[in-house]
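This report concerns only the one structure given below.
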Amino acid sequence: MNQKPSIPKGTRDFGPVPMMRRNYLFNTIRSVFQLYGYLPIETPAMETLDTLMGKYGEEGDKLVFNILNSGDFASGINTELLQKLIQDPDNSALVSRTMTSQVSEKALRYDLTVPFARFVVQHRDEISFPFKRYQIQPVWRADRPQKGRYREFYQCDVDVIGSDSLLNEAELIKIIDDVFSKLGLNIVIKINNRKILAGLAEASGLGDNLTDFTVALDKLDKIGIEHVSKEWISKGISGESIIKLTPIIGHMGSNTDKISGLKDFLKSSTAGMKGLEEVETLLTIINRFNLNSSVEIDLTLARGLNYYTGAIIEVKSLDIHIGSICGGGRYDDLTGIFGMPGVSGVGVSFGADRIYDVMEQINGFPALAQSGTQVLFLNFGFDEATVCQPLAGQIRAAGIRCELYPDPLKIKKQLQYADQNHIPIVVMIGETERNAGKAAVKIMSSGEQINVAFPDLTSEIRKII
RNA sequence: GUGGGAGUAGUUCAGUUGGUUAGAACGUUGGAUUGUGGUUCCAAAGGUCGGGGGUUCGAAUCCCCUCUUCCACCCCA
């Protein structure tokens, strides 16, 4: 007892109440996915290192949890090679990488999209395209935990792969709107397009600085235009370009205003115009949906851009400031890295844990009393309990949640148990009741108590509930 | 990976310029005439003060290291 047990950092236990709420969340999300015809899949918690590495950029690779090989994992180490490398202290990163590959061949999944791509390639024969799937599973990241950031968390992914149609993007936005409407959260759906970003870079003469350009741009709402400009300049982007860009990026008007501004700015860029056209079409489709949430074009939305090629989607809570609670986009060639080129997909991922945190903070969860026991039989001893069992069986057969207290403790203890577990009805059958053939039914909220003949017990309880 | 705050009973926290057996509240357990909960009253249990090292006659308190956690950055759900 002098040593307290604990769980790894960034992980959490979920007691009954959080669990019921999480189930409510997952069920809501799942029911919407199913309503649009998406099919469930699951993939293993671990993937081979080959599948995962190199898919998330340099930063992402570092955040993958590696799994040590079983058994005598040290036998695979090439000591000669390592000794050679280790002599140079600058090599420490390389040494770690080399060593990892020698003692580990699998890792915990980092997201659901890459395993999905692997799944599609591996099962291409069984899949008919377009393939619409959803997947609700935990993922793991060796990130430093903080508010709204965990090392083990759930993602709820919906993707459609094998279709270029913008109707898919529109459908996903409708799904987002449905889910958050059902949950009662106020959100804004931000959209952008990778091609527009490329166009902005091109039209302002940035050349191939796209990555540096977007990484800084993504921080605009956080650090402001001055700091973004500074970062751009430090990356070698010319002041001239920045002056051209500032009014476009800082444009705060409506979507149509933004589009007309962009139309003029991007006219020299084919990619940019293509992206703009996509956004326009998407907005046209969405306008027919009558969404509850607002959809706004946000040019600062870049989202890592590891594999996104078209639409970029992100959802922010208007209730709580917590980073994005849902995000995704189109990736034209994700399966290409697994040897199946030319298949385009688009998908979004709901961050269940962050959504939970938001719901929690705004008291957005409905009362979930419908999960606990409704009727408790007190235990007056073995013989009396034997009488209770068939009666409890009848009550359950009527669909009422019912339990018998397992130990013949003092009645006070058993009532305390009922009280603490918010059980509304208690049935007492002691020696007296057993002889009389009548049960004492106590309604906990009022303390009122009535006697009911055994055959009428189920119907009486049904009346009370 | 970088920077800052915090670690004292199950939980939330007190703990005076270093000074005797480290406190409270809530919770837990037991009791207040035998088969009746929530309120009340009484009592008890529970801490090598995150861990290790150092300074000191003496450390929860001062210094160093480490772990954990929270916050910010990087990045992200």
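Quick caveat, the model's predicted, so the values are computed rather than measured. Letters go in sequence order (proteins before strands), and every chain restarts at 1. Only this structure's heavy atoms are used, side chains among them; waters, hydrogens and symmetry mates stay out.
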Is a donor from one side chain sitting under 3.5 angstrom from an acceptor on the other, for [X] and [Y]?
X	Y	answer
A:Asn193	A:Glu278	yes
A:Asn186	A:Asp319	yes
A:Arg133	A:Gln135	yes
A:Gln34	A:Tyr134	yes

Of the listed nucleotides ([options]), which one gets closest to any side-chain atom of [X]?
X	options	result
A:Gln146	B:rU28, B:rC71, B:rU36	B:rC71
A:Lys413	B:rG30, B:rU69, B:rC71	B:rG30
A:Lys147	B:rU68, B:rC76, B:rA72	B:rA72

Distance criterion of 3.5 Å, no angle test: do you see the side chain of [X] paired donor-to-acceptor with the base of [N]?
X	N	answer
A:Arg149	B:rC75	yes
A:Asp419	B:rG38	no
A:Arg144	B:rU69	no

Checklist entry - Contacts to RNA chain B from residues 431-450 of chain A, heavy-atom cutoff under 4.0 Å, which residues? => result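 Correct list: A:Glu431, A:Thr432, A:Glu433, A:Lys442, A:Met444, A:Ser445, A:Gly447, A:Gln449.
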Next on the checklist: Any side-chain to backbone donor/acceptor pair from A:Ser181 onto A:Asp177? Under 3.5 Å, distance only.
Outcome noted: yes
Next on the checklist: If you count heavy atoms of other groups shown closer than 6.0 angstrom to CZ of A:Arg462, is the number above 12?
Outcome noted: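 Check fails, neighbour count at 12 or below.
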Checklist entry - Taking the same atom, P, in B:rC75 and in B:rC26, what whole-Å distance lies between them? => result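 Each nucleotide's P atom is 49 Å from the other's.
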